[in-house]
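Written below as structure tokens is the structure these notes are about.
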Amino acid sequence: MNFGAIAQTRLSEIAKCSQPGGGVTRLPFTPEHKAALNHIRDWMTAAGLHQRMDAASTLIGRHDGPEGSKTLLIGSHQDSVPNGGRYDGIMGVVLACLALEKLKREGAKPACSVEVLAFADEEGVRFPTALLGPRALAGTYEKSTLSLEDSEGVALGTALASFGGDLARLDSLARAPSEVLGYLEAHIEQGPVLEGQDAALGVVTGICGIERNSLRFVGETGHAGTVPMADRRDALVAASRFVSATSDLARETHSIRATVGSLLVHPNAVNAIPDTTAFSLEIRSVSDGERQSFARQMRVFGTQIAQDSGLTFEMTKTYEQPAVACDPALSDALAKAVEQSGQRLVKLPSGATHDASAMSDLCPIAMLFVRCKNGLSHHPDEYASAADMGAAVNAIAGFLTSSPIRTPPEI
Ligand code: HGY
Ligand code: MN
Ligand code: MN
């Protein structure tokens, strides 16, 4: 069977579970999410998995391994960014199901129990938080996040409850680390490295840390035609100095990725001097130390700009995820499976964050990257080939039957 072609077809189908408009827009706890779950249930049925939905609305498909064996968790997220691609997240769910389906068709059995996980919300686009599903399994979610609201004023907890989640049982989702072998996530690379090295697959060495800040410059508005330039306290001029300095400083480092992704101007009128700018600053790095030092430098710089031009400046951290290393033993087993499936081995860090970032608080993690055309992601033209996804199915199937994850029942 051509599992790569089946993956491609399934991903085209589930991409239709999207808000109208270009690309895929599938946010958590929405009708699009509900429709997507029907497809995922079909994939899990074809793989012979028992299915259930947990209290965080993670859809789980389980294969029971030998009596007393530990469980390998494998999956990714069903949600997308607005106007996103058809592979980010959901690819990891379909490839996991197809690897188990392949084993089932070949009469082979995974070396342990396996659970495929389709997490509801990794992107953190609808709510100013993310990863409730994996954090609930790791026992690290914070109740306070349930009151965070989306742009319509709907709280995360309300959306989860009306979707079928159970707030009262979130605490009971935490898994016992002793029962979990590890977590494997297959994901489109979202970058150009594998394509640059002409490799279909890559084994991830570590996942970058990330922090998000909200910033404000406040000056004074006035008539665009009458206030002399020297007398202005223009919040947009201050913000533009800050934004270009952010990019210049990040370019001087080798590990920092800094992005001002959203910016609001008030009063946003062609003939009025902006008195307020409110904007985001996201900073990523595989080194938490470098990320924190960069944030400190930008805070000092923003304060200086404000002092020089008579404005006020605020910078508040709103979100943070530490960098995490992939587990060497699990990654070695994955690397062997990649090579035994006939693929060249490439190892690389991940500049994107993933569900695996949160799962690392529960268990060892490993990630498999699939080549991404032109490194394009969070974009309608995101693309992975059927051949590369077929190679990933083979490597995952090999990993699931490999000896390092065989857990003979505890004596
Ligand atoms: O932002 C990220 O890195 C991920 O796609 N949520
Ligand atoms: Mn993703
Ligand atoms: Mn993403």
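Because the structure is a prediction, the values reported are computed rather than measured. Whatever order the structure lists ligands and atoms in, that order sets their numbers, starting from 1.
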Check your understanding: Any side-chain heavy atom of C112 within less than 4.5 Å of one from K70?
Key -> no
Check your understanding: Any non-hydrogen atom of R212 lying under 4.0 Å from ligand 1?
Key -> yes
**Study point:** Note, H63 side chain near L103 side chain (heavy atom, < 4.5 Å)
**Key:** no
Check your understanding: Are any of the N/O atoms in H378 less than 3.5 Å from those in ligand 1?
Key -> yes
Check your understanding: Can you name the N, O or S atom of D88 that is closest to the Mn ion (ligand 3)?
Key -> OD2
Revision key, fill the gap. So the atoms of ligand 1 within less than 4.0 Å of a heavy atom of R284 turn out to be 1 (O), 2 (C), 3 (O)
Exercise for review: Using a strict 4.0 Å threshold on nitrogen-to-oxygen distance, state whether R10 and E101 make a salt bridge.
Suggested key: yes
Point to revise | Flag, side chain of S309 to backbone of I305, donor-acceptor distance under 3.5 Å | key: yes
**Study point:** Under 4.0 Å to a heavy atom of A352 - the qualifying atoms of ligand 1, by number
**Key:** 3 (O)
Practice item. Check the side chains of E185 and S76 for a donor-acceptor pair under 3.5 angstrom, ignoring hydrogens and angles. Key: yes
Check your understanding: Side chain, backbone, both or neither: which part of H77 has a heavy atom under 4.0 Å from ligand 1?
Key -> neither
**Study point:** Heavy-atom neighbours of R62 CZ exceed 12 at 6.0 Å
**Key:** yes
Practice item. Measuring from the Mn ion (ligand 3), name the closest N, O or S atom belonging to E123. Key: OE2
Check your understanding: Is there an N/O/S atom in H77 at a distance below 2.8 Å from the Mn ion (ligand 2)?
Key -> yes
